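Everything below concerns the one structure shown next.
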2 protein chains.
Amino acid sequence: MKLTSKGRYAVMALVDLARFDNINPVSLRDISLRQGISLDYLEQIFSKLKKNEIVKSIRGTQGGYVLNKSPNDIKLTNIFHAVDEKVKTVQCKKESKKGCNGKATKCITHNLWDELEIHINTFFENKSLKDLLNNNKETRV
Amino acid sequence: MKLTSKGRYAVMALVDLARFDNINPVSLRDISLRQGISLDYLEQIFSKLKKNEIVKSIRGTQGGYVLNKSPNDIKLTNIFHAVDEKVKTVQCKKESKKGCNGKATKCITHNLWDELEIHINTFFENKSLKDLLNNNKETRV
DNA sequence: ACATACCTGACTAAAATGGTCAAGTTTAGA
DNA sequence: TCTAAACTTGACCATTTTAGTCAGGTATGT
Ligand code: FES
Ligand code: FES
């Protein structure tokens, strides 16, 4: 089980953004430099974050991105959902009655993985961007 | 974040094994048929489980595998460790002082991922094979 | 006008995944 | 003793996913 870079970067970038967005929009270039993430890759990520209304964009010189909600209202769940980082523990299709082995009934470990999925998602639902900011307080420049 | 087949199969196979091992060793062939897992793949998995002393093997006709410990002493952690299914949320090397971005200090989300890793591992440490058996009781043939 | 910064889509190298295949060795039972 | 069941080992491979790069745009403040 591992976390992909896309999910990790999305959160990293948003924390960075949240720390600096008080007045001016923050350019991806700045985030890229500060966090050491490829600019081209960041653009892909922010495109999705924008579609999911987590950030707003401002074009042109001095443009950049701004949070679209209060940090308290942006949960990790929202971020991960936006960039398609999903927790997948079961093999089968959940809606289906069939099991992962093609049999008519769910496999003997299905419930376990389901529990695990809930366990992990709970973590993501309870963490907001604000929680992360408190841990990394820094005075603005 | 997703669970790999190797980890899922390992647990599935062990639950199956635990249900049937009261008297006779259980052959991989049987597990393969009951659970719909490729025999060749199971062999790879059980080779690792054996190295980690989770199961014992009995060769020859009527041979098979038997649990090497009580189901209560086999935690998911042990199983996953045996088959190299590890939870990896941070990008950086944990021992190192350096961050994932190559900078001299840990990145702004490092602590978060560390928390997540602990959260997930706690689940695995608290689940034993016995817990899974209770959920799937079945009378022996 | 022009530099800055967002926007979009195609493309790809490398790694991980989820197996298969082949060639054994060991041992119970006929 | 012969044979078939079952463990053992290691190499091999197709497909998918990941983690980006590249090459073009378009909008806008100064
Ligand atoms: S994981 Fe759902 S049936 Fe096996
Ligand atoms: S994940 Fe450890 S430094 Fe970024």
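Because the structure is predicted, anything quoted here is derived from the model rather than measured. Proteins come first, then strands; the chains are lettered A, B, ... in the order of their sequence lines, and each starts at number 1.
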Phosphate oxygens OP1/OP2 of C:dG18: is one of them under 4.0 Å from a side-chain N or O of B:Ser5?
-> yes

Say whether A:Gln35 and A:Asp16, considering side chains only, have a donor N or O and an acceptor N or O under 3.5 Å apart.
-> yes

Can you check the B:Lys2 NZ to C:dA16 P distance for me, whole Å?
-> 14 Å

Rounded to whole Å, NZ of A:Lys86 lies from P of D:dT18 at a distance of 10 Å

Can we say B:Asp84 and B:Lys6 salt-bridge, meaning some charged N sits less than 4.0 Å from an Asp/Glu carboxylate O?
-> no

Cationic N near anionic O, under 4.0 Å, A:Lys88 to A:Glu117 = no

Are B:Tyr65 and D:dT8 close enough that a side-chain N or O sits under 4.0 Å from OP1 or OP2?
-> yes

Pairwise 5' ranking along DNA chain D for B:Ser47 and B:Asp30, keeping only the more 5' one | B:Asp30

Is there a side-chain polar atom (N or O) of A:Ser38 under 4.0 Å from OP1 or OP2 of D:dT21?
-> yes

Can you check the B:Asp40 CG to C:dA23 P distance for me, whole Å?
-> 14 Å

Separation of C:dT17 atom P from B:Lys88 atom NZ, nearest Å, is 12 Å

Under-4.0 Å side-chain N/O to phosphate OP1/OP2 contact, B:Ser57 with D:dT8 = yes

Classify the side chain of A:Arg59 and the base of D:dT26 as holding, or not holding, a donor-acceptor pair under 3.5 Å.
-> yes

Quickly work out the A:Asn24 CG to D:dT30 P distance and round it to whole Å.
-> 11 Å

Picking from C:dG29, D:dA11, D:dG20, the nucleotide nearest the side-chain atoms of B:Gln62 would be C:dG29

Describe the nucleic acid contact of B:Val55 in one word from base, sugar-phosphate, nothing, applying a heavy-atom distance below 4.0 Å.
-> nothing

A:Lys50 side chain N/O closer than 4.0 Å to the phosphate oxygens (OP1, OP2) of C:dC7?
-> yes

Heavy-atom count around A:Glu125 CD within 6.0 Å, excluding the residue itself: above 12?
-> yes

Minimum-distance nucleotide (side-chain atoms of A:Tyr41 versus D:dA6, D:dA5, D:dG20) = D:dG20

Calculate the interatomic distance between B:Leu3 atom CG and D:dT17 atom P; express it in whole Å.
-> 16 Å

Spacing between B:Lys51 atom NZ and D:dG10 atom P, to the nearest angstrom | 7 Å

Do B:Gln44 and C:dT20 have a side chain to base donor-acceptor pair shorter than 3.5 Å?
-> yes

Search all heavy atoms of B:Asn121 against all heavy atoms of B:Thr77 and return the closest pair with its distance.
-> O-OG1, 4.4 Å

Protein-nucleotide distance (A:Met1, atom CE; C:dA16, atom P), rounded to Å | 17 Å

So, is B:Tyr9 near the phosphate of C:dG19, with a side-chain N or O under 4.0 Å from OP1 or OP2?
-> yes

Side chain of A:Thr4: nearest nucleotide among D:dA19, C:dT17, C:dA28?
-> D:dA19

Heavy-atom side-chain contact between A:Glu85 and A:Arg8 under 4.5 Å = no

